[in-house]
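Each remark here refers to the structure printed beneath this line.
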Amino acid sequence: MPDPRDTLNASMHRWPAACLAAVMAVVVWIACIAAQPAPYDLVLRNARIVDGTGSPWYRADLGMRGTTIARIAPSIDEPALRTIDVGGEVVAPGFIDIHTHAARGIFQIPTADNYVRQGVTTLIEGPDGSSPVPLGPFLAKLEALQKSVNVGAFIGQGSIRSRVIGEVNRTATADELQKMRGLVEQGMKDGAFGLSTGLFYVPGTFTPTDEVSELAKGAGRFGGIHISHMRDETSRVLDSVNETIAIGERGGLPTQVTHHKVIGRPNWGKSVETLQAVDAARARGVDATIDAYPYTASSTSIQGALFPAWAQEGGRKQVLARLADPAIRPKIKAEIVRVIRNERGGGDPKNIVVANCDWDASLAGRNLSEVTERRGLSPTLEDAAEAAMWLVESGGCQGVFHAIGEEDLERILRHPATMIGSDGEIPTFGKASPHPRSYGTFVRVLAVYARERKIITLADAVRKMTAFPAQRLGLLDRGLVRPGMKADLVVFDPARVRDLATFEKPHQYAEGVSRVITNGQVVFEGGAMTAARPGAVLYGPGRSSGRR
Ligand SMILES: [Zn+2]
């Protein structure tokens, strides 16, 4: 077989010189066109840019090419495939949510409407010590998913301990510690942004501080951070903040108090001391930061929130066995009564609301006092504890717990080292009674805490949602409106943006966000999601090279 290239060469030798010259002219002409700046793919005109740094807004046009912000100028008149006049609305970096449970919903609803309609373009999973182990296959599955938002993840210490040691209360052997550290490091190589802990939950609660610090070193070695749902957010919240700081200090890595709050009326006001502890740590060079959501209620499982850790050891089978044991049940009940009185219950079973029970949809939205009465009991703390144990025995439920003080919330939000994180998920619209944070966190900060109460400025609120979490995660190409940065953008009306989701009616989308752009493509406009699915998987600093 003759090589076809030889044939081509041979035939070109036979072309007349004039013909060759013409071909060359065409080649030069094409090269010239290629050298011309291509038109912009998308231009936003007449924007008030809040750039993420915390600086006040400025007026400009913004041009994008591909996935990137190409130019910002007072006026951009060059051709563009599409030009949108945003009419003086705010253009800010897309919001980055550093604490989400996005795995609850992202594969069913890859448009993540509840988040995008608030202006969120990046969701970080794997918080509270809980993540898939190993992380690699989960991230690969996310890569294959056509989605509207970017997604990244932490590797979870609780999940790793559960896999290596189980849900038991004992210290790790040297061999187990080595195995766990290996899994942390594997998580970092797979692309985690760091190590998350949930020292409040089983089995995180069985982990001594030194063990966490050892694992944190593994994450720090790859440039990761430590982020913690702390051991105690009630009477010992200050000890817990100090523990979180110590883990950062001993582990040699940045450390973050996640969804910082103070639970239980007797503890309200303790944020004065917790924030002082963070300030003191930072003053001596410890890179300690905070995230928070703007609500006075928390949400987690009823069992996790109300049951003592010792009663949860070993998993569900053992929990049920303890509840069935007449010698142990009263001890669990006494602890639940205490927690309802002084901690998550805020002193009244009415403050505990069922968010979702898989086994009985009719319970969603009912408070523990109502559930107790429905059981034919009186709404005392003791009987409410009985009803809570019944909920767990019947299959378990998620709950919403109203026990956070507004003053603590505002003090924490105002702190310069606090960023915004929702702790939310991607709910099925209209199903169950989830915490409204999934629908409203970011716009609620903009509307209630920036515009109405002026706790922080609009520019600072945006900083806490963009450049600050980007810096924390090491996302150097997002979180700012600057040429060269990825074009994740939100367009909103600062006078009109607000949350509509309430505890009573959580399934309500945010208002006032007019457009959201992820990686240069419009994913939301005109009140609806578009067909574009430009979301990317984002990887932490330890990601093995060459596989991206
Ligand atoms: Zn948490």
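The model shown is predicted, which means the values in this text are computed figures rather than measured ones. In what follows, residues are counted from 1 in the order of the sequence shown. Start at 1 and go down the list; that is how both ligands and their atoms are numbered. Heavy-atom basis, side chains included; hydrogens, waters and symmetry copies ignored.
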What's the atom name of the N, O or S in H259 nearest to the Zn ion (ligand 1)?
NE2
Using a strict threshold of under 4.0 Å (side-chain N to carboxylate O), is an ion pair present between R117 and E511?
no
Please determine if the Zn ion (ligand 1) has an N/O/S atom from H99 lying under 2.8 Å away.
no
Examine D423 and say whether one of its N/O/S atoms is closer to the Zn ion (ligand 1) than 2.8 Å.
no
So, R437 and D423, do they make that salt bridge, N to O below 4.0 Å?
yes
With K189 as the cation and F222 as the aromatic partner, state whether NZ or CZ is under 6.0 Å from the six-membered ring centre and within 45° of the axis.
no
Which single N/O/S atom of H229 lies at minimum distance from the Zn ion (ligand 1)?
ND1
Pair D460 + R414, salt bridge at N-O below 4.0 Å
no
